[in-house]
Amino acid sequence: QVQLVDTGGGLVQTGGSLRVSCLASGLTLCVHVIGWFRQAPGKEREFVAAIKWSTGTTLYADSEKGRFTITRDNARNTVLLQMNNLKPEDTAVYYCASRLNLGPMQTQEYDYAYWGQGTQVTVSS
C-alpha cells in the first residue's frame, strides 16, 4: 500500500532549473524522513537531500547545498526538490525514498525502505 511517485524530471541547459516532486501515500509521514537520491549510468547512487516531515529539518549533500532546496507540502503529502543552477554533473535519475525517523538526519540509504520509480534529469552542456 505504500507508494512514492516521483515526477518532474526533464531536459534543461546548464544553469537552468527544475523541480521534482514526490507524492507519498500509505505512510504515516509525521514519523518519516523523505530523501532524494540520484544515480547516473555506471555510477553508484548518491544522496542529494532529505527532510524530516515532522519538523521540516533538512539535510543536503555538500555539493548541492546552496543550489538545491527541499520542502514539503503538508496538504498534498508531497516533497519538492527545487534544483537551481544545474550542471551537467547533475544529470541522473532522481529517486525519492522514505525511512522511519529513528535517529539523526543522515545520508545512508540502507535505512530507506520505500522508493519511487525515479525521474530522469538531464542537464545539457
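Values in this document were obtained by computation on a predicted structure and should not be read as measured data.
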> What is the minimum heavy-atom distance between Leu81 and Ala49, and which atoms define it?
Replying inline: CD1-CB, 4.1 Å
>> Enumerate the side-chain hydrogen bond (donor to acceptor under 3.5 Å, both in side chains) contacts for residues 113-125, please, sequence neighbours excluded, ordered by first and then second residue.
In response: Asp6-Gln117, Gln120-Thr122
> Can you tell me if Thr78 uses its side chain to pair, donor with acceptor, with the backbone of Arg76 under 3.5 Å?
Replying inline: yes
>> So which atom in Val20 and which in Gly8 form the shortest heavy-atom distance, rounded to 0.1 Å?
In response: CG1-C, 3.9 Å
> Taking C-beta and beyond as the side chain, do Val31 and Ser54 meet within less than 4.5 Å on heavy atoms?
Replying inline: no
> What are the two closest non-hydrogen atoms of Val33 and Ala50, and how far apart are they?
Replying inline: CG1-CB, 4.0 Å
> What heavy-atom pair brings Leu27 and Ser98 nearest, and what distance separates the two atoms?
Replying inline: CD1-OG, 3.4 Å
>> Could you check whether any side-chain heavy atom of Trp53 comes within less than 4.5 Å of a side-chain heavy atom of Val79, counting everything from C-beta outward?
In response: yes
> Sequence neighbours excluded, which residues qualify as side chain to side chain donor-acceptor pair (under 3.5 Å) partners of Glu109?
Replying inline: Arg45
>> Within the structure provided, determine whether Arg38 and Glu46 are in side-chain contact (heavy-atom separation under 4.5 Å).
In response: yes
> So, does Thr55 use its side chain to make a donor-acceptor pair with the main chain of Thr57 at under 3.5 Å?
Replying inline: yes
>> How long is the straight-line distance from OG of Ser21 back to OH of Tyr94, given to the nearest 0.5 Å?
In response: 14.0 Å
>> List the residues meeting ring pair (Phe, Tyr, Trp, His ring centres under 6.0 Å) with Tyr60, not counting sequence neighbours, and say none if there are none.
In response: none
> From Leu4 CG over to Ser25 OG, what is the distance, rounded to the nearest 0.5 angstrom?
Replying inline: 7.5 Å
>> Arg67: which residues meet the side chain to side chain donor-acceptor pair (under 3.5 Å) condition with it, sequence neighbours left out?
In response: Asp90
> Where do Val121 and Met83 come nearest, in terms of heavy atoms and distance?
Replying inline: CG2-CE, 3.9 Å
>> Once rounded to the nearest 0.5 Å, what's the spacing between atom SG of Cys22 and atom CG of Asn77?
In response: 10.5 Å
> Between atom OG1 of Thr69 and atom CG of Asn84, what is the distance when rounded to the nearest 0.5 Å?
Replying inline: 6.5 Å
> Taking ILVMFWY side chains as joined if any heavy atoms are under 4.5 angstrom apart, and letting links pass through other members, which residues group with Leu80?
Replying inline: none
> Within a strict 4.5 Å, meaning less than it, do heavy atoms of the Leu86 and Leu18 side chains meet?
Replying inline: yes
> Considering only heavy atoms from C-beta outward, does the side chain of Leu100 approach that of Asp111 to under 4.5 Å?
Replying inline: no
> Do you know the tightest heavy-atom contact between Thr28 and His32?
Replying inline: O-ND1, 2.9 Å
> Are the side chains of Tyr95 and Trp36 in touch, meaning some heavy atoms are under 4.5 Å apart?
Replying inline: no
>> Listing request: all salt bridge (charged side-chain N to carboxylate O under 4.0 Å, His left out) pairs with a residue in residues 48-57, at least two apart in sequence or in separate chains.
In response: none
> Roughly how far, to the nearest 0.5 Å, is CG of Asn101 from CD1 of Ile34?
Replying inline: 11.0 Å
>> Quick check: do Gln106 and Phe47 have side-chain heavy atoms less than 4.5 Å from each other?
In response: no
>> When you group the ILVMFWY residues by side-chain heavy-atom contacts below 4.5 Å and let the links chain together, are Val2 and Ile51 in the same group?
In response: yes
>> If you define the side chain from C-beta out and look only at heavy atoms, does anything of Leu59 sit under 4.5 Å from Thr107?
In response: yes
